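Below is one structure, written out as structure tokens, with a few remarks after it.
Counting starts at 1 for both ligands and their atoms, in listed order. Keep in mind that what you see is a predicted model, and the values were worked out from it rather than measured.
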Amino acid sequence: MRIMVVGGAGYIGSHMVLALVETGHDVLVLDDLSKGHADAVQGVPLVKGNIADSTLLDDLFGRMNFDGVMHFASFIQVAESILEPAPYYENNLVNTIILLNAMVRHKIKKLVFSSSAAVYGEPQVIPITEDHPKNPVNPYGKGKWMVEQILQDYERAYDLKSISLRYFNAAGADPLGRAGERHLPETHLIPLLLKAAAGKADPVTIFGTDYDTADGSCIRDYIHVTDLCVAHLLAFQALMSGAPSSAYNLGNGHGFSVWEVLEAVKRVTGKPVPFQIVARRAGDPSHLVADATRAQVELGWQPHYPALDSIISHAWNFACMQQ
Ligand code: UFG
């Protein structure tokens, strides 16, 4: 199959490129390199450009027979989306519509879309199933949920079939060290803890210890990036086999508090992790844990690296190779 990976130079996209090439797919990456890295695409063809550019999309879709698109290109910082909603709605929503419209024009009818647990907002029930009410509490999550609803309309009107994958907390790195997390700036907990353990950053700020959780810090469901990519392969196969559009949670079903993650980083690295406690970060739900039964039953997905220490150890190996 020939697949366009939009945002393939980014963290999850670059791992996806590895997985697609390994399974024999023909891949083209479209990435504007505003956040990603050209050397992350593993040597596959890379077109530097933005999905807002319909002329570019018409050219690529017109010249190459794509069987489908995987769309990873979005801004991802929840707190930033509250302070600066405009670029979030422009990039994650408006530009996605431009991409969808080009797909419709060129009759490309299969899409795997990177959605997020942020569509649920503060959960009413844990673990969270896909049918949980969608009350996103920040523009990042609202934009993701808007795209999911637009995709339902595009299926009805244009027969564009899509699977939205609602990631919980993507983490870790390629187990063979070929790819990893290189966000600039880095805002995610695990890479920041690893930088602090390596002595390459200031003490980690712990955002709030007064949440209604057992130890007062936020609880998240960390899912290995390689496991996310396997789910994309299965989702794409399902679409190619005629499966209907759907949305799936991707998580391990186990929550870890910020303090537990900090302890795990100390355990894996064997190093102290300096930290300081500060106030809560805006837009952070207290507790996000997935019920991913639907992906397991319908896609046959099973995480291979559910252990938090494996996730951290792969991320640590990659971080050490970057020095
Ligand atoms: N945290 C800290 N200090 C930091 C960074 C994070 O205490 O320096 C805490 C956060 O408050 C949160 C937890 O660690 O409780 C995880 O934070 P991350 O920034 O690593 O991840 P988020 O849960 O905020 O967000 C991630 C993705 C989003 C996605 C969300 C869905 O970045 O794109 O998961 O669960 F929407």
Aromatic ring pairing F113/H71, orientation class (parallel under 30°, perpendicular over 60°, tilted between):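 If you compare the ring of F113 with that of H71, the planes turn out tilted.
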Aromatic ring pairing F236/H25, orientation class (parallel under 30°, perpendicular over 60°, tilted between):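 Plane angle over 60°, so perpendicular.
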Between [X] and [Y], does any side-chain donor sit less than 3.5 Å from a side-chain acceptor?
X    : Y    : value
N252 : Y305 : no
D215 : S217 : yes
E122 : S286 : yes

With a heavy-atom distance limit of 4.0 Å, tell me whether [X] approaches ligand 1 through its side chain, its backbone, both, or neither.
X    : answer
Y222 : side chain
L189 : both
H188 : both
T187 : backbone

Shortest protein contact, [atom] (heavy atom only):
atom                    : answer
atom 2 (C) of ligand 1  : F207 CD1, 3.3 Å
atom 3 (N) of ligand 1  : T205 O, 2.6 Å
atom 15 (O) of ligand 1 : C218 CB, 2.9 Å
atom 11 (O) of ligand 1 : D284 OD2, 2.6 Å
atom 19 (O) of ligand 1 : R281 NH2, 3.0 Å
atom 21 (O) of ligand 1 : N169 ND2, 3.1 Å
atom 9 (C) of ligand 1  : V258 CG2, 3.8 Å

Ion pair check, K110 and D67, cut-off under 4.0 Å: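 A salt bridge is absent here (no side-chain N lies under 4.0 Å from a carboxylate O).
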Lys/Arg N to Asp/Glu carboxylate O, E148 vs K134, below 4.0 Å: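 No, E148 and K134 are not salt-bridged.
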List ligand 1 atoms under 4.0 Å from [X], heavy atoms only on the residue side.
X    : answer
L288 : 35 (O)
L192 : 8 (O)
A118 : 36 (F)
Y140 : 29 (C), 33 (O), 36 (F)

Per atom 28 (C) of ligand 1, closest listed option by heavy atom (I76, V204, L193):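 Ranked by closest heavy atom to atom 28 (C) of ligand 1, first place is I76.
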Closest candidate by heavy atom, reference atom 30 (C) of ligand 1, pool G141, S116, S74: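 Among G141, S116, S74, the closest heavy atom to atom 30 (C) of ligand 1 comes from S116.
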D32 (side chain) donor-acceptor with S34 (main chain) under 3.5 angstrom: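 Pair found, side chain donor or acceptor close to backbone of S34.
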side-chain hydrogen bond (donor to acceptor under 3.5 Å, both in side chains), paired with K144, selected from S164, S74, S116: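 Between K144 and the candidates, side-chain hydrogen bond (donor to acceptor under 3.5 Å, both in side chains) is satisfied uniquely by S74.
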Nearest-0.5 Å distance that lies between atom CG in L151 and atom CD in E155: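 Taking CG in L151 and CD in E155, the distance rounds to 9.0 Å.
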